[in-house]
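Right, one structure below, let's go through it.
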Amino acid sequence: MATQQKEVSNAIGLEEIGTERQEPKKEQKTFTVEEAVETIGFGRFHIALFLIMGSTGVVEAMEIMLIAVVSPLIRCEWQLNDWQVALVTTMVFFGYMIFSILFGFLADRYGRWKVLLISFLWGAYFSLLTSFSPSYIWFVFLRAMVGCGVSGHAQGLIIKTEFLPTKYRGYMLPLSQVFWLAGSLLIIGLASVINPTIGWRWLIRIASIPGIILILAFKFIPESARYNVSTGNNKAALATLERIAKMNRSVMPEGILVEPVNERRGRFSDLLDSKYLRTTLQIWIIWLGISFAYYGVILASAELLERDMVCSLQTAAAEKELGDDSEESHSPCHCRLFSPSDYRIMIISTMGEIALNPLNILGINFLGRRLSLSITMGCTALFFLFLNICTTSKGLIGFLFMLRALVAANFNTIYIYTAEVYPTTMRALGMGTSGSLCRIGAMVAPFIAQVLMSASFLGALCLFSGMCVVCSISAFTLPIETKGRALQQMK
């Protein structure tokens, strides 16, 4: 009897010891990447991230805007027709369209940082080769290859989005427009000096330098912690978060990092899942329309200046042509280089891209992403029609200035919305497919702004305006508002 009581006592004692050992496991705290990002807060790491990843916009803007400033030169050098000049831009965006989906898929599978590095190396290599183009065909092919590389630059925005705390996304991401503006102004400024002196080939070579320098700075930016945990690499994610906390002089949340692993990453079918189907289709329409309008404004600006299609100047130009029987006046290949005043007008209108940024930031953060985008798209439609008003050169500059401001605000908002609405497992693919659809609009824009505009000015403006109205309605009816919403890790 005494032996039985002793055994029972021992069993109870062992149970108590086992319970004591298990209790710490039950009480052990855990945290997610989202909680870690919010706890660490904004600091020096995010400033460095903003400067380095934001600078990808400088490089992208220079490569895209390059076509607008070299078009008159290649038109004259190779005696090109309107459709041949338009084809250059179209092929750049064709390459962008194809590789945007591929890079988005690869970024969700193998990491954002690797894809960003590859895209920059690719773009810099083919951009340099373009400067040695022996013929028009080679020029078109090599610029298309540059477009393939530039399509991967969107991963810089995704990395920024995934590291920023929720309350700072609505402020810091729109400010990235400053970098695009800087790149646009830089290429126009360089073109005004280099094109008349040493030629467009040297312009392309010099324009490749910022991209090469930026590649060296990528080593200071880590892979996305959200991507790492989605692949089960919690150790790397934790090391990244601890590094950020140390750099920001902040603290990590208590406990251990715990996130579910998801093997379903970068699947196209997830974008068309019932939960995201309507959102995806409407986002695609908006991206296509915004790109159509944005590059339409850029190319139309260059076309208006190159052809003197300003109301107050048309009469004088017509009189001059009547008295001019030179071979050039009868040539189907219109050959007129930009003057210093044309470059100044391009710089002033480009400055418009930053003009509405403060209002855009306020709208995004107080009205929300959907309503803000709907309003700016509606205003864009209106200002396209204003271009048909017979006005002076200063009036034209004013309209172009406002159009550039509005289309830049549209791009700001849709970039932020797309990066926020999709979960980590499909965010890069969502951005990639959207960017791909976006380039369809960019591919069509040259033929409207550089070909149709010559035949029917009002018809071209109505097409641009009508597309903006469709996008405004689509933005207003988007099913998900991402203002103040935490980034989703899984679907």
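These numbers come from a predicted model, not from an experiment. Because only heavy atoms are used, hydrogens play no part in the values below, and waters and symmetry mates are left out as well, while side chains stay in.
Counting heavy-atom neighbours within 6.0 Å of Phe476 CZ, excluding the residue itself, gives a total of 12 or less.
One distance of note links CZ of Phe105 with OG1 of Thr433; it measures 13.0 Å at 0.5 Å rounding. Remark: Ser224 OG to Arg112 CZ distance equals 5.5 Å, nearest 0.5 Å.
Closest non-hydrogen pair, Thr376 versus Thr380, comes out as O-OG1, 2.7 Å. Listed here is the closest heavy atom pair of Ser100 and Ser151: N-OG, 3.6 Å. Nearest heavy-atom pair, Tyr343 versus Val69, reported as atom, atom and distance to 0.1 Å: OH-O, 4.4 Å. Counting all heavy atoms, side chain and backbone alike, Cys148 lies closest to Phe99 at SG-CD1, 3.4 Å. What you find for Arg485 and Arg169 is that their closest heavy atoms are O-NH2, 2.7 Å. Of all heavy-atom pairs between Ser372 and Thr413, the closest is OG-OG1, 4.4 Å.
Residues satisfying the side-chain contact (heavy atoms from CB on, under 4.5 Å) test with Ser434, not counting sequence neighbours, are Ile283, Trp284, Trp287, Thr418. Here Glu60 pairs with nothing under the salt bridge (Lys or Arg N to Asp or Glu O under 4.0 Å) rule; sequence neighbours left out.
A heavy-atom distance below 4.5 Å is found between the side chains of Phe218 and Met53. The shortest distance between side-chain heavy atoms of Tyr415 and Met431 falls below 4.5 Å. Side-chain contact check for Asn360 versus Ile364: some heavy-atom pair is nearer than 4.5 Å. The shortest side-chain heavy-atom distance between Leu387 and Leu400 falls under the 4.5 Å cut-off. For the pair Phe132 and Arg205, the minimum side-chain heavy-atom distance is below 4.5 Å. For the pair Met443/Met97, a side-chain contact is recorded, criterion being any heavy-atom separation below 4.5 Å from C-beta on. Using a 4.5 Å heavy-atom threshold, the side chains of Ile347 and Leu185 count as touching. Side-chain contact between Val297 and Phe383: absent, with no pair of heavy atoms (C-beta onward) separated by less than 4.5 Å.
The side-chain hydrogen bond (donor to acceptor under 3.5 Å, both in side chains) contacts involving residues 136-149 comprise Glu63-Arg143, where partners must be two or more places apart or lie in separate chains.
No side-chain donor-acceptor contact under 3.5 Å links His46 to the backbone of Leu164. At distances below 3.5 Å, at least one donor-acceptor pair connects side-chain atoms of Ser230 with backbone N or O atoms of Tyr227. The main-chain N or O of Arg370 is found under 3.5 Å from a side-chain atom of Glu481 such that the two form a donor-acceptor pair.
Ring geometry for Phe126 against Trp122 counts as tilted: the plane angle lies between 30° and 60°, on a 0 to 90° scale. Between Tyr295 and Phe93, the two ring planes are tilted [angle within 30° to 60°]. Taking the six-membered ring where tryptophan is involved, the planes of His153 and Phe120 are essentially parallel, since the angle between them stays under 30° and well short of 60°.
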>> Between Ile64 and Trp180, is the side chain to side chain contact (heavy atoms under 4.5 Å, CB included) condition met? List the steps.
In response: CA-CA 10 Å; Ile64 297 299; Trp180 180 277; 4.3 Å; yes
>> Let's go through Phe179 and Phe50 carefully: what are the C-alpha distance in whole Å and the side-chain angles of both, what is the deciding distance for ring-ring contact (aromatic ring centres under 6.0 Å, His included) to 0.1 Å, and is it a yes or a no?
In response: CA-CA 10 Å; Phe179 294 98; Phe50 177 73; 5.2 Å; yes
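Side chains of Glu77 and Trp200: a donor on one and an acceptor on the other come within 3.5 Å.
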